[in-house]
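A, B, ... follow the sequence lines: proteins, then strands. Residue 1 opens every chain.
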Protein chains: 2
Amino acid sequence: MPRGPHWFHRRIRGYGCRLTLPRQRILEVLSRSSKHLSAEEIYHRVHQVYPAIGLTTVYRTLEMLVSGAMVMRFDFGDGRTRYELIKDQGALTSHHHLICRVCLKIIDCEEFTGDERDYLKSIEKKLSKKYKFEIREHQTRFYGVCDKCKKEVTDYAKR
Amino acid sequence: MPRGPHWFHRRIRGYGCRLTLPRQRILEVLSRSSKHLSAEEIYHRVHQVYPAIGLTTVYRTLEMLVSGAMVMRFDFGDGRTRYELIKDQGALTSHHHLICRVCLKIIDCEEFTGDERDYLKSIEKKLSKKYKFEIREHQTRFYGVCDKCKKEVTDYAKR
DNA sequence: TTGGTAATGAAAACCATTTTCAATAAGGAG
DNA sequence: CTCCTTATTGAAAATGGTTTTCATTACCAA
(Lines give C-alpha, C1' and ligand atoms only; values in the text may rest on other atoms or scores of the structure.)
Protein backbone atom coordinates (compact mmCIF):
# COMPACT_ATOMS: atom_id res chain seq x y z
CA MET A 1 0.00 0.00 0.00
CA PRO A 2 2.08 2.93 -1.25
CA ARG A 3 2.03 6.18 0.66
CA GLY A 4 3.35 9.70 0.26
CA PRO A 5 2.40 12.32 -2.30
CA HIS A 6 4.33 10.76 -5.14
CA TRP A 7 3.78 7.05 -4.84
CA PHE A 8 2.30 7.06 -8.33
CA HIS A 9 5.62 8.25 -9.74
CA ARG A 10 7.13 4.98 -8.64
CA ARG A 11 4.16 3.13 -10.08
CA ILE A 12 4.58 4.73 -13.49
CA ARG A 13 8.28 4.09 -13.65
CA GLY A 14 7.71 0.57 -12.44
CA TYR A 15 5.20 0.18 -15.23
CA GLY A 16 7.98 0.91 -17.71
CA CYS A 17 6.86 4.41 -18.61
CA ARG A 18 8.58 7.78 -18.42
CA LEU A 19 7.59 10.27 -15.82
CA THR A 20 6.92 13.37 -17.85
CA LEU A 21 5.67 16.80 -16.85
CA PRO A 22 2.26 16.44 -18.50
CA ARG A 23 1.73 13.13 -16.71
CA GLN A 24 2.67 14.64 -13.37
CA ARG A 25 0.24 17.50 -13.88
CA ILE A 26 -2.54 15.11 -14.84
CA LEU A 27 -1.89 12.96 -11.79
CA GLU A 28 -1.91 16.02 -9.55
CA VAL A 29 -5.31 17.03 -10.89
CA LEU A 30 -6.63 13.51 -10.44
CA SER A 31 -5.30 13.16 -6.91
CA ARG A 32 -6.69 16.55 -5.91
CA SER A 33 -10.23 15.71 -7.03
CA SER A 34 -12.18 12.93 -5.43
CA LYS A 35 -14.89 13.06 -8.05
CA HIS A 36 -14.85 11.20 -11.33
CA LEU A 37 -13.77 13.66 -14.00
CA SER A 38 -14.19 13.56 -17.76
CA ALA A 39 -11.16 13.86 -20.03
CA GLU A 40 -12.17 17.38 -20.92
CA GLU A 41 -12.56 18.44 -17.31
CA ILE A 42 -9.11 17.08 -16.59
CA TYR A 43 -7.79 18.87 -19.66
CA HIS A 44 -9.21 22.21 -18.50
CA ARG A 45 -7.86 21.84 -14.99
CA VAL A 46 -4.40 20.90 -16.19
CA HIS A 47 -4.51 23.69 -18.73
CA GLN A 48 -4.76 26.31 -15.96
CA VAL A 49 -1.37 25.33 -14.57
CA TYR A 50 0.20 23.87 -17.71
CA PRO A 51 -1.22 25.60 -20.81
CA ALA A 52 0.87 23.57 -23.25
CA ILE A 53 -1.11 20.43 -22.45
CA GLY A 54 -2.94 18.78 -25.32
CA LEU A 55 -6.23 16.92 -25.06
CA THR A 56 -4.59 14.02 -26.86
CA THR A 57 -2.05 13.64 -24.10
CA VAL A 58 -4.80 13.61 -21.51
CA TYR A 59 -6.51 10.74 -23.29
CA ARG A 60 -3.28 8.84 -23.76
CA THR A 61 -2.19 9.29 -20.18
CA LEU A 62 -5.57 8.17 -18.89
CA GLU A 63 -5.45 5.07 -21.03
CA MET A 64 -2.05 4.23 -19.61
CA LEU A 65 -3.20 4.81 -16.05
CA VAL A 66 -6.27 2.64 -16.59
CA SER A 67 -4.31 -0.25 -18.04
CA GLY A 68 -1.79 0.16 -15.23
CA ALA A 69 -4.62 -0.12 -12.71
CA MET A 70 -3.94 3.35 -11.29
CA VAL A 71 -7.14 4.90 -12.55
CA MET A 72 -10.67 3.59 -12.75
CA ARG A 73 -12.86 4.25 -15.77
CA PHE A 74 -16.62 4.79 -15.63
CA ASP A 75 -19.26 4.95 -18.32
CA PHE A 76 -22.52 6.30 -17.03
CA GLY A 77 -24.12 6.67 -20.43
CA ASP A 78 -24.06 10.45 -20.80
CA GLY A 79 -21.66 10.27 -23.70
CA ARG A 80 -18.41 10.92 -21.90
CA THR A 81 -16.12 8.59 -20.01
CA ARG A 82 -15.18 9.49 -16.42
CA TYR A 83 -11.92 8.74 -14.66
CA GLU A 84 -10.97 8.48 -11.03
CA LEU A 85 -7.64 7.82 -9.33
CA ILE A 86 -7.62 4.59 -7.36
CA LYS A 87 -6.55 5.75 -3.93
CA ASP A 88 -6.90 2.56 -2.02
CA GLN A 89 -4.30 0.34 -3.62
CA GLY A 90 -5.18 -2.49 -1.29
CA ALA A 91 -8.02 -4.96 -1.59
CA LEU A 92 -10.83 -5.06 -4.11
CA THR A 93 -12.18 -1.63 -4.82
CA SER A 94 -15.86 -0.93 -5.02
CA HIS A 95 -17.77 2.06 -6.25
CA HIS A 96 -21.43 2.80 -5.89
CA HIS A 97 -23.50 5.49 -7.49
CA LEU A 98 -26.97 6.92 -7.62
CA ILE A 99 -27.72 8.10 -11.15
CA CYS A 100 -30.64 10.38 -11.92
CA ARG A 101 -32.41 9.40 -15.13
CA VAL A 102 -33.69 12.95 -15.58
CA CYS A 103 -30.75 15.30 -15.03
CA LEU A 104 -28.05 12.59 -15.27
CA LYS A 105 -26.49 13.79 -12.03
CA ILE A 106 -24.24 11.20 -10.38
CA ILE A 107 -24.10 10.89 -6.62
CA ASP A 108 -21.31 8.88 -5.04
CA CYS A 109 -22.30 6.78 -2.10
CA GLU A 110 -19.83 5.31 0.32
CA GLU A 111 -22.37 4.00 2.79
CA PHE A 112 -21.52 0.38 2.37
CA THR A 113 -20.78 -0.90 5.84
CA GLY A 114 -18.42 -3.68 6.80
CA ASP A 115 -20.81 -6.56 6.47
CA GLU A 116 -22.32 -5.14 3.34
CA ARG A 117 -18.84 -5.41 1.91
CA ASP A 118 -18.44 -8.93 3.27
CA TYR A 119 -21.73 -9.80 1.71
CA LEU A 120 -20.71 -8.65 -1.76
CA LYS A 121 -17.39 -10.38 -1.31
CA SER A 122 -19.19 -13.68 -0.75
CA ILE A 123 -21.20 -13.15 -3.93
CA GLU A 124 -17.98 -12.45 -5.76
CA LYS A 125 -16.49 -15.67 -4.51
CA LYS A 126 -19.53 -17.59 -5.68
CA LEU A 127 -19.49 -16.00 -9.14
CA SER A 128 -15.73 -16.43 -9.48
CA LYS A 129 -16.04 -20.13 -8.93
CA LYS A 130 -19.05 -20.66 -11.16
CA TYR A 131 -17.75 -18.72 -14.15
CA LYS A 132 -14.03 -19.22 -13.51
CA PHE A 133 -13.87 -15.45 -13.68
CA GLU A 134 -11.25 -13.53 -11.74
CA ILE A 135 -13.04 -10.53 -10.25
CA ARG A 136 -10.96 -7.41 -9.72
CA GLU A 137 -13.57 -4.92 -8.63
CA HIS A 138 -17.27 -4.18 -8.80
CA GLN A 139 -19.67 -1.28 -9.15
CA THR A 140 -23.30 -0.99 -8.22
CA ARG A 141 -25.50 1.60 -9.86
CA PHE A 142 -28.89 2.67 -8.62
CA TYR A 143 -30.94 4.39 -11.29
CA GLY A 144 -33.89 6.60 -10.49
CA VAL A 145 -34.94 10.18 -9.94
CA CYS A 146 -33.14 12.61 -7.65
CA ASP A 147 -34.84 14.85 -5.13
CA LYS A 148 -34.59 17.97 -7.26
CA CYS A 149 -36.00 16.37 -10.39
CA LYS A 150 -38.81 14.72 -8.46
CA LYS A 151 -39.97 18.18 -7.48
CA GLU A 152 -39.50 19.71 -10.91
CA VAL A 153 -40.84 16.94 -13.08
CA THR A 154 -44.31 15.76 -12.30
CA ASP A 155 -44.71 13.63 -15.36
CA TYR A 156 -41.50 11.62 -15.48
CA ALA A 157 -42.67 9.20 -18.14
CA LYS A 158 -43.12 11.99 -20.66
CA ARG A 159 -39.48 13.01 -20.04
CA MET B 1 -48.12 -7.31 -15.72
CA PRO B 2 -49.08 -7.44 -19.38
CA ARG B 3 -49.03 -10.79 -21.15
CA GLY B 4 -49.40 -12.10 -24.67
CA PRO B 5 -47.15 -11.60 -27.65
CA HIS B 6 -48.21 -8.06 -28.35
CA TRP B 7 -48.54 -6.38 -25.00
CA PHE B 8 -45.96 -3.84 -26.11
CA HIS B 9 -48.26 -2.68 -28.89
CA ARG B 10 -50.68 -1.51 -26.25
CA ARG B 11 -47.85 0.08 -24.34
CA ILE B 12 -46.73 2.08 -27.37
CA ARG B 13 -50.19 3.26 -28.24
CA GLY B 14 -50.82 4.09 -24.62
CA TYR B 15 -47.66 6.10 -24.69
CA GLY B 16 -49.16 8.27 -27.41
CA CYS B 17 -47.13 6.89 -30.29
CA ARG B 18 -48.06 5.25 -33.56
CA LEU B 19 -47.55 1.57 -34.04
CA THR B 20 -45.59 1.40 -37.27
CA LEU B 21 -44.13 -1.52 -39.16
CA PRO B 22 -40.48 -0.65 -38.40
CA ARG B 23 -41.30 -0.40 -34.69
CA GLN B 24 -43.02 -3.76 -34.72
CA ARG B 25 -40.04 -5.37 -36.42
CA ILE B 26 -37.63 -3.83 -33.92
CA LEU B 27 -39.73 -5.03 -31.02
CA GLU B 28 -39.88 -8.51 -32.47
CA VAL B 29 -36.09 -8.64 -32.69
CA LEU B 30 -35.76 -7.36 -29.15
CA SER B 31 -38.28 -9.79 -27.73
CA ARG B 32 -36.68 -12.71 -29.52
CA SER B 33 -33.20 -12.01 -28.10
CA SER B 34 -32.52 -12.22 -24.42
CA LYS B 35 -29.10 -10.62 -24.75
CA HIS B 36 -28.39 -6.93 -24.74
CA LEU B 37 -27.94 -5.87 -28.35
CA SER B 38 -26.27 -2.83 -29.83
CA ALA B 39 -28.19 -0.54 -32.18
CA GLU B 40 -26.25 -1.90 -35.11
CA GLU B 41 -26.91 -5.51 -34.18
CA ILE B 42 -30.61 -4.72 -33.98
CA TYR B 43 -30.38 -2.92 -37.32
CA HIS B 44 -28.81 -5.95 -38.99
CA ARG B 45 -31.35 -8.38 -37.58
CA VAL B 46 -34.29 -6.22 -38.59
CA HIS B 47 -32.73 -5.69 -41.99
CA GLN B 48 -32.95 -9.41 -42.75
CA VAL B 49 -36.71 -9.38 -42.55
CA TYR B 50 -37.36 -5.71 -43.35
CA PRO B 51 -34.64 -4.40 -45.66
CA ALA B 52 -36.10 -0.90 -45.87
CA ILE B 53 -35.20 -0.23 -42.25
CA GLY B 54 -32.86 2.69 -41.55
CA LEU B 55 -30.35 2.84 -38.75
CA THR B 56 -31.79 6.21 -37.77
CA THR B 57 -35.16 4.63 -37.13
CA VAL B 58 -33.56 2.00 -34.94
CA TYR B 59 -31.95 4.69 -32.79
CA ARG B 60 -35.14 6.74 -32.61
CA THR B 61 -37.29 3.75 -31.72
CA LEU B 62 -34.87 2.65 -29.03
CA GLU B 63 -34.88 6.11 -27.52
CA MET B 64 -38.65 6.06 -27.40
CA LEU B 65 -38.72 2.60 -25.84
CA VAL B 66 -36.17 3.63 -23.22
CA SER B 67 -38.04 6.75 -22.23
CA GLY B 68 -41.24 4.73 -22.17
CA ALA B 69 -39.58 2.27 -19.78
CA MET B 70 -40.00 -0.62 -22.20
CA VAL B 71 -36.32 -1.07 -22.89
CA MET B 72 -33.27 -0.87 -20.66
CA ARG B 73 -30.08 0.84 -21.79
CA PHE B 74 -26.59 -0.31 -20.81
CA ASP B 75 -23.20 1.32 -21.24
CA PHE B 76 -20.39 -1.10 -20.63
CA GLY B 77 -17.66 1.17 -21.90
CA ASP B 78 -16.82 -0.50 -25.19
CA GLY B 79 -18.06 2.45 -27.20
CA ARG B 80 -21.52 1.24 -28.06
CA THR B 81 -24.74 1.35 -26.12
CA ARG B 82 -26.66 -1.90 -25.55
CA TYR B 83 -30.41 -2.33 -25.29
CA GLU B 84 -32.59 -4.99 -23.77
CA LEU B 85 -36.36 -5.37 -23.64
CA ILE B 86 -37.72 -5.24 -20.13
CA LYS B 87 -39.65 -8.46 -19.86
CA ASP B 88 -40.64 -8.39 -16.24
CA GLN B 89 -42.88 -5.35 -16.06
CA GLY B 90 -43.41 -5.93 -12.38
CA ALA B 91 -41.18 -4.95 -9.46
CA LEU B 92 -37.75 -3.37 -9.52
CA THR B 93 -35.56 -4.87 -12.17
CA SER B 94 -31.99 -5.79 -11.53
CA HIS B 95 -29.23 -6.75 -13.89
CA HIS B 96 -25.84 -8.15 -13.06
CA HIS B 97 -22.88 -8.70 -15.30
CA LEU B 98 -19.36 -10.02 -15.34
CA ILE B 99 -17.24 -7.91 -17.68
CA CYS B 100 -13.86 -9.07 -18.90
CA ARG B 101 -11.31 -6.25 -18.98
CA VAL B 102 -9.32 -8.06 -21.65
CA CYS B 103 -11.75 -9.23 -24.33
CA LEU B 104 -14.67 -7.04 -23.17
CA LYS B 105 -16.99 -10.04 -23.16
CA ILE B 106 -20.10 -9.54 -21.06
CA ILE B 107 -21.58 -12.43 -19.11
CA ASP B 108 -25.07 -12.10 -17.69
CA CYS B 109 -25.55 -13.57 -14.27
CA GLU B 110 -28.89 -14.29 -12.78
CA GLU B 111 -27.64 -16.10 -9.70
CA PHE B 112 -28.96 -13.63 -7.20
CA THR B 113 -31.05 -15.62 -4.80
CA GLY B 114 -34.07 -14.47 -2.87
CA ASP B 115 -32.28 -13.10 0.13
CA GLU B 116 -29.58 -11.58 -1.98
CA ARG B 117 -32.34 -9.58 -3.59
CA ASP B 118 -33.84 -8.73 -0.22
CA TYR B 119 -30.46 -7.58 0.87
CA LEU B 120 -30.01 -5.16 -2.01
CA LYS B 121 -33.56 -4.00 -1.49
CA SER B 122 -32.72 -3.00 2.07
CA ILE B 123 -29.69 -1.05 0.85
CA GLU B 124 -31.94 0.66 -1.67
CA LYS B 125 -34.33 1.66 1.05
CA LYS B 126 -31.50 3.11 3.11
CA LEU B 127 -30.08 5.07 0.20
CA SER B 128 -33.51 6.30 -0.89
CA LYS B 129 -34.11 7.79 2.50
CA LYS B 130 -30.67 9.35 2.92
CA TYR B 131 -30.49 10.99 -0.50
CA LYS B 132 -34.25 11.45 -1.05
CA PHE B 133 -33.62 9.55 -4.27
CA GLU B 134 -36.32 7.43 -5.87
CA ILE B 135 -34.62 4.23 -6.99
CA ARG B 136 -36.14 2.49 -10.03
CA GLU B 137 -33.61 -0.25 -10.67
CA HIS B 138 -30.02 -1.21 -10.10
CA GLN B 139 -27.14 -2.95 -11.83
CA THR B 140 -24.04 -4.56 -10.39
CA ARG B 141 -20.97 -5.04 -12.52
CA PHE B 142 -18.06 -7.27 -11.67
CA TYR B 143 -14.94 -6.41 -13.62
CA GLY B 144 -12.06 -8.80 -14.06
CA VAL B 145 -10.61 -11.41 -16.36
CA CYS B 146 -12.58 -14.25 -17.89
CA ASP B 147 -11.44 -17.84 -17.98
CA LYS B 148 -10.37 -17.77 -21.60
CA CYS B 149 -8.31 -14.59 -21.28
CA LYS B 150 -6.70 -15.82 -18.08
CA LYS B 151 -5.30 -18.71 -20.06
CA GLU B 152 -4.27 -16.66 -23.05
CA VAL B 153 -2.84 -13.66 -21.34
CA THR B 154 -0.13 -14.40 -18.85
CA ASP B 155 0.90 -10.81 -18.31
CA TYR B 156 -2.38 -8.96 -17.83
CA ALA B 157 -0.79 -5.74 -16.60
CA LYS B 158 1.08 -5.27 -19.84
CA ARG B 159 -2.24 -5.59 -21.70
C1' DT C 1 26.50 15.14 -22.10
C1' DT C 2 24.52 12.52 -25.55
C1' DG C 3 21.71 9.29 -28.29
C1' DG C 4 17.89 6.36 -28.79
C1' DT C 5 13.30 6.31 -28.23
C1' DA C 6 9.08 7.18 -25.75
C1' DA C 7 6.04 11.00 -25.36
C1' DT C 8 3.94 15.19 -27.04
C1' DG C 9 0.59 18.35 -29.54
C1' DA C 10 -1.91 19.88 -33.75
C1' DA C 11 -4.56 18.39 -37.15
C1' DA C 12 -6.96 14.89 -39.40
C1' DA C 13 -9.44 10.69 -39.03
C1' DC C 14 -12.82 7.79 -36.79
C1' DC C 15 -17.20 6.23 -35.59
C1' DA C 16 -21.38 5.88 -32.81
C1' DT C 17 -25.14 8.72 -32.47
C1' DT C 18 -28.10 12.83 -33.67
C1' DT C 19 -30.10 16.23 -36.67
C1' DT C 20 -32.09 17.87 -40.99
C1' DC C 21 -35.48 17.64 -44.39
C1' DA C 22 -38.39 16.08 -47.95
C1' DA C 23 -41.27 11.99 -48.68
C1' DT C 24 -44.36 8.56 -46.60
C1' DA C 25 -47.93 6.34 -43.98
C1' DA C 26 -50.67 5.75 -39.41
C1' DG C 27 -55.02 6.36 -37.82
C1' DG C 28 -58.81 9.73 -36.29
C1' DA C 29 -62.56 12.49 -38.42
C1' DG C 30 -66.15 12.58 -41.46
C1' DC D 1 -64.02 3.55 -46.71
C1' DT D 2 -61.57 7.92 -47.86
C1' DC D 3 -59.35 12.04 -46.69
C1' DC D 4 -56.20 14.83 -44.06
C1' DT D 5 -53.32 15.94 -40.48
C1' DT D 6 -49.18 15.05 -38.60
C1' DA D 7 -46.06 11.68 -36.61
C1' DT D 8 -42.68 8.77 -38.65
C1' DT D 9 -39.33 7.42 -41.89
C1' DG D 10 -34.72 7.05 -44.39
C1' DA D 11 -30.70 9.25 -46.67
C1' DA D 12 -27.39 12.32 -46.06
C1' DA D 13 -25.08 15.62 -43.42
C1' DA D 14 -23.69 17.13 -38.93
C1' DT D 15 -22.06 16.33 -34.25
C1' DG D 16 -18.89 15.35 -30.67
C1' DG D 17 -16.09 12.38 -27.94
C1' DT D 18 -12.09 9.73 -28.76
C1' DT D 19 -8.15 7.90 -31.57
C1' DT D 20 -4.63 8.08 -35.07
C1' DT D 21 -0.96 10.28 -37.71
C1' DC D 22 3.29 12.41 -37.95
C1' DA D 23 6.86 15.58 -37.26
C1' DT D 24 8.92 17.61 -33.08
C1' DT D 25 10.37 17.44 -28.25
C1' DA D 26 12.40 15.82 -24.04
C1' DC D 27 13.08 11.75 -20.79
C1' DC D 28 16.74 9.18 -18.87
C1' DA D 29 20.19 5.22 -19.32
C1' DA D 30 24.74 4.87 -20.53
Side-chain angles (χ1 to χ4, degrees), chain A residues 6 8-27 29 36-44 46-68 70-71 73-83 104 158-159, chain B residues 6 8-27 29 36-44 46-68 70-71 73-83 104 158-159:
Chain A
H6 298 307
F8 36 71
H9 292 193
R10 268 174 275 137
R11 285 291 303 278
I12 286 180
R13 306 262 40 245
Y15 192 59
C17 294
R18 294 182 181 173
L19 181 60
T20 65
L21 224 60
R23 286 178 179 170
Q24 291 183 54
R25 296 290 166 273
I26 289 166
L27 276 162
V29 162
H36 22 66
L37 302 172
S38 68
E40 211 179 331
E41 287 170 327
I42 294 166
Y43 169 77
H44 284 312
V46 173
H47 190 271
Q48 311 230 349
V49 70
Y50 186 82
I53 191 76
L55 185 53
T56 314
T57 300
V58 173
Y59 276 108
R60 274 189 292 226
T61 300
L62 288 169
E63 194 193 320
M64 181 208 64
L65 294 170
V66 167
S67 68
M70 286 166 269
V71 158
R73 165 189 277 148
F74 296 92
D75 269 273
F76 294 116
D78 65 341
R80 67 198 65 213
T81 307
R82 312 295 178 116
Y83 302 87
L104 299 181
K158 286 270 172 65
R159 262 247 217 218
Chain B
H6 299 307
F8 38 70
H9 292 193
R10 269 175 271 137
R11 286 290 302 278
I12 287 179
R13 306 259 45 244
Y15 193 59
C17 293
R18 292 181 183 175
L19 181 59
T20 65
L21 224 59
R23 286 178 180 170
Q24 292 183 52
R25 296 291 166 272
I26 290 166
L27 277 162
V29 163
H36 21 66
L37 301 172
S38 69
E40 211 179 330
E41 287 170 326
I42 294 166
Y43 168 77
H44 284 310
V46 172
H47 191 268
Q48 312 230 351
V49 69
Y50 187 81
I53 192 76
L55 186 53
T56 316
T57 300
V58 174
Y59 276 109
R60 274 188 295 227
T61 300
L62 288 169
E63 194 195 319
M64 181 208 66
L65 294 171
V66 167
S67 69
M70 284 166 271
V71 158
R73 166 189 276 148
F74 295 92
D75 270 273
F76 294 115
D78 64 340
R80 66 198 66 215
T81 307
R82 312 295 178 117
Y83 303 87
L104 300 181
K158 287 268 171 66
R159 261 248 218 220

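- With a 4.5 Å cut-off on side-chain heavy atoms, Met70(B) and Ile12(B) count as touching.
- Note that the OH atom of Tyr50(B) and the OG1 atom of Thr57(B) stand 8.0 Å from one another [nearest 0.5 Å].
- Nearer the 5' end of DNA chain C, as judged by each residue's closest nucleotide, is the contact made by Arg80(B), out of Thr56(B) and Arg80(B).
- Residue-level contact check: Tyr43(A) touches neither bases nor backbone, having no heavy atom under 4.0 Å from any strand.
- Considering CG of Leu37(B) and NE2 of His44(B), their distance stands at 12.0 Å, rounded to 0.5 Å.
- In this structure the side chain of Gln24(B) reaches within 4.5 angstrom of the side chain of His9(B), judged on heavy atoms.
- One finds the CD1 atom of Ile42(B) at 7.5 Å from the CD1 atom of Ile26(B) (value rounded to the nearest 0.5 Å).
- End-to-end axis angle of the helix from dT1(C)-dA30(D) to dG30(C)-dC1(D), using five pairs per end and rounding to 10°, comes to 40°.
- When the P atom of dG10(D) is taken as reference, atom CD1 of Ile53(B) falls 5 Å away, rounded to whole Å.
- Protein atom CE of Met64(B) is 8 Å distant from nucleotide atom P of dT8(D), rounded to whole Å.
- Distances shorter than 4.0 Å separate some side-chain N or O of Tyr59(A) from OP1 or OP2 on dT18(D).
- A 4.5 Å side-chain heavy-atom check between Tyr83(A) and Val66(A) finds at least one atom pair inside the cut-off.
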**Message:** I need a per-nucleotide contact map over nucleotides 24-30 of chain D, read 5' to 3'. Cutoff is protein heavy atoms under 4.0 Å; write B for the base, S for backbone only, - otherwise.
**Reply:** --BBSS-
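- In this structure, Glu40(A) places its CD atom 6 Å from P of dG17(D), rounding to the nearest Å.
- Put simply, CD on Gln24(A) is 11 Å from P on dT8(C), counting in whole angstrom units.
- Under 4.0 angstrom from either OP1 or OP2 of dT8(D) there lies at least one side-chain N or O belonging to Arg23(B).
- Ser38(A) comes within contact range of no nucleotide atom at all, as no heavy-atom separation falls under 4.0 Å.
- Separating the CG atom of Leu62(B) from the P atom of dT18(C) is a distance of 10 Å, rounded to the nearest angstrom.
- Within the 4.5 Å cutoff, the side chain of Glu40(A) has heavy atoms near those of the Arg80(A) side chain.
- The interatomic distance linking Phe74(A) (CZ) with dG17(D) (C1') rounds to 19 Å, in whole Å.
- As rounded to whole Å, 6 Å separates atom P of dT19(D) from atom CD of Glu63(A).
- Among the protein residues, Tyr50(B) comes within range of the sugar-phosphate backbone only, with heavy atoms under 4.0 Å from sugar or phosphate atoms but none that close to a base.
- Side-chain atoms of Ser67(B) and Tyr15(B) include a donor-acceptor pair closer than 3.5 Å.
- By the 4.5 Å heavy-atom criterion applied to side chains, Leu65(A) and Leu27(A) are counted as neighbours.
- In this structure, CG of Leu55(B) is placed 15 Å from P of dC15(C), rounded to the nearest angstrom.
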